[in-house]
Amino acid sequence: TADVVVSNPSAAQPKPAPFPMQIGTVSIRNGSTNFADLSIRPNFATGIGKLEGTISGLSSDPASRAKVELDGQVDRFSPVTIRGEVNPLAAEAWLDMAMNFRNIEMASFTPYSGRFAGYTIRRGKLSAELNYKLNAGKLQADHKIVIDQLELGDKVESPDSIGVPLKLAVALLKDR
């Protein structure tokens, strides 16, 4: 008889600590970020331009929090501010972020309104305050959205339309 012993040298070794990483400040000047949804027809695309600001204190240390201060614009007259803290380099992501969008032209959302509401958007302005917190894998979100001077346009035939009298609802909700 023979005894066979199988040895796995990597199992006996403790795992090395994660590689520590720190980035002092990331400065953004005249930047932009873009978003496109190609799953909808017509396609939807938008972006934030003239993006300026800093992200300071990025670190892989789980207790650290990087400070985010960014400003930009959607279109010519729609300011955007992004403020908060984040730790994207830690093993478990953490976030406390507020994003404020003001005076965004609603007509650009026609691909969505046509598909889901059954109407184009002729005009209107959108302002939104979006707050997100991510901790221990749990997301908390708080949204405050104001639509000003919404005017629906032409009817759009869509199988995904909610099929409610939306023009009547908008007329009833208008602030006189």
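Source: prediction; values computed, not measured. Reckoned from all heavy atoms, side chains included, excluding hydrogens, waters and symmetry mates.
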Colleague: Side-chain heavy atoms under 4.5 angstrom apart, residues restricted to Ile, Leu, Val, Met, Phe, Trp, Tyr: same cluster for Ile145 and Tyr132?
Modeller: yes

Colleague: If I compare all heavy atoms of Ser158 with all of Arg115, which pair ends up nearest, and what's the gap?
Modeller: OG-O, 2.7 Å

Colleague: Considering residues, nucleotides and ligands other than Arg29, do more than 12 of their heavy atoms fall under 6.0 Å from its CZ?
Modeller: yes

Colleague: Checking the side chain of Arg65 only, and the main-chain atoms of Pro62 only, is there a donor and an acceptor separated by less than 3.5 Å?
Modeller: yes

Colleague: Any salt bridge linking Lys67 with Glu69? Criterion: basic side-chain nitrogen under 4.0 Å from a carboxylate oxygen.
Modeller: yes

Colleague: Please check: side-chain N/O of Arg123 versus main-chain N/O of Ala107, any donor-acceptor pairing under 3.5 Å?
Modeller: no

Colleague: Rounded to the nearest 0.5 Å, what separates atom CG in Leu152 from atom OG in Ser113?
Modeller: 7.5 Å

Colleague: Using 0.5 Å steps for rounding, measure from the CE atom of Met106 to the CD1 atom of Ile121.
Modeller: 4.0 Å

Colleague: Backbone N or O of Asp61 within a donor-acceptor pair of the Ser59 side chain at under 3.5 Å?
Modeller: yes

Colleague: Backbone N or O of Asn103 within a donor-acceptor pair of the Ser127 side chain at under 3.5 Å?
Modeller: yes

Colleague: In terms of side-chain geometry, is the basic nitrogen of Lys125 or Asp75 positioned less than 4.0 Å from the acidic oxygen of its partner?
Modeller: no

Colleague: So, taking the atom named CD in Gln140 and the one named CG in Leu95, what distance separates them when rounded to the nearest 0.5 Å?
Modeller: 11.0 Å

Colleague: Are Leu134 and Trp94 in one and the same hydrophobic cluster, where Ile, Leu, Val, Met, Phe, Trp and Tyr link if side-chain heavy atoms are under 4.5 Å apart?
Modeller: no

Colleague: Would you say Phe101 ends up clustered with Phe35 if hydrophobic residues are merged whenever their side chains have heavy atoms under 4.5 Å apart, either directly or through other cluster members?
Modeller: yes

Colleague: Do the side chain of Lys167 and the main chain of Gly153 share a donor and acceptor less than 3.5 angstrom apart?
Modeller: yes

Colleague: Could you tell me the separation between the NZ atom of Lys155 and the CG atom of Leu166, rounded to the nearest 0.5 Å?
Modeller: 9.0 Å

Colleague: Quick one: pull up CZ in Phe116 and CD1 in Ile162 and give me the separation to the nearest 0.5 Å.
Modeller: 10.5 Å

Colleague: Of all the heavy-atom pairs spanning Ala136 and Glu92, show the shortest one and how long it is.
Modeller: CA-OE2, 2.7 Å

Colleague: Taking Arg102 first and then Glu129, would you say they form a salt bridge - that is, a charged N and a carboxylate O separated by under 4.0 Å?
Modeller: yes

Colleague: Give the cluster check for Met97 versus Leu130: same hydrophobic cluster or not, with ILVMFWY residues linked at side-chain heavy-atom distances below 4.5 Å.
Modeller: yes

Colleague: With no hydrogens and no angle check, is any side-chain donor or acceptor of Asn87 less than 3.5 Å from a backbone partner on Ser64?
Modeller: yes

Colleague: Step by step, would you call Tyr112 with Asp37 a side-chain hydrogen bond (donor to acceptor under 3.5 Å, both in side chains)?
Modeller: CA-CA 10 Å; Tyr112 292 110; Asp37 185 348; 2.6 Å; yes

Colleague: Can you name the nearest heavy-atom pair linking Pro111 to Pro42, along with the distance?
Modeller: CB-O, 3.2 Å

Colleague: Going through the distances and angles, do Asn100 and Val80 end up as a side-chain contact (heavy atoms from CB on, under 4.5 Å)?
Modeller: CA-CA 6 Å; Asn100 294 306; Val80 176; over 6 Å; no

Colleague: Whether Arg122 and Glu151 form a salt bridge (side-chain N of Lys/Arg under 4.0 Å from carboxylate O of Asp/Glu) is what I want to check.
Modeller: yes

Colleague: I want to check something: taking the side chain as every heavy atom from C-beta on, are Ile28 and Leu70 in contact at a cut-off of under 4.5 Å?
Modeller: yes

Colleague: For residues Asn34 and Gly47, report the shortest heavy-atom separation together with the two atoms involved.
Modeller: OD1-CA, 3.7 Å

Colleague: Do Tyr119 and Val156 sit in one hydrophobic cluster, given that two such residues count as connected whenever their side-chain heavy atoms are within less than 4.5 Å of each other, even indirectly?
Modeller: no

Colleague: Hey, could you give me the CE/NE2 distance between Met99 and His143, rounded to the nearest 0.5 Å?
Modeller: 7.5 Å

Colleague: Answer whether the closest heavy-atom distance between the side chains of Leu150 and Asp148 falls below 4.5 Å.
Modeller: no

Colleague: So which of Thr25, Leu89, Val68 actually passes side chain to side chain contact (heavy atoms under 4.5 Å, CB included) with Leu58?
Modeller: Leu89

Colleague: Would you find a donor on one side and an acceptor on the other, under 3.5 Å apart, between the side chain of Thr54 and the backbone of Val26?
Modeller: no

Colleague: List the atom of Leu51, the atom of Ser32, and the distance in Å for their closest heavy-atom pair.
Modeller: CB-N, 4.1 Å

Colleague: Would you check if Glu105 and Phe77 make a side-chain contact, meaning some heavy-atom pair closer than 4.5 Å?
Modeller: no

Colleague: How are the rings of Phe44 and Phe109 set relative to one another: parallel (under 30°), tilted (30 to 60°) or perpendicular (over 60°)?
Modeller: parallel

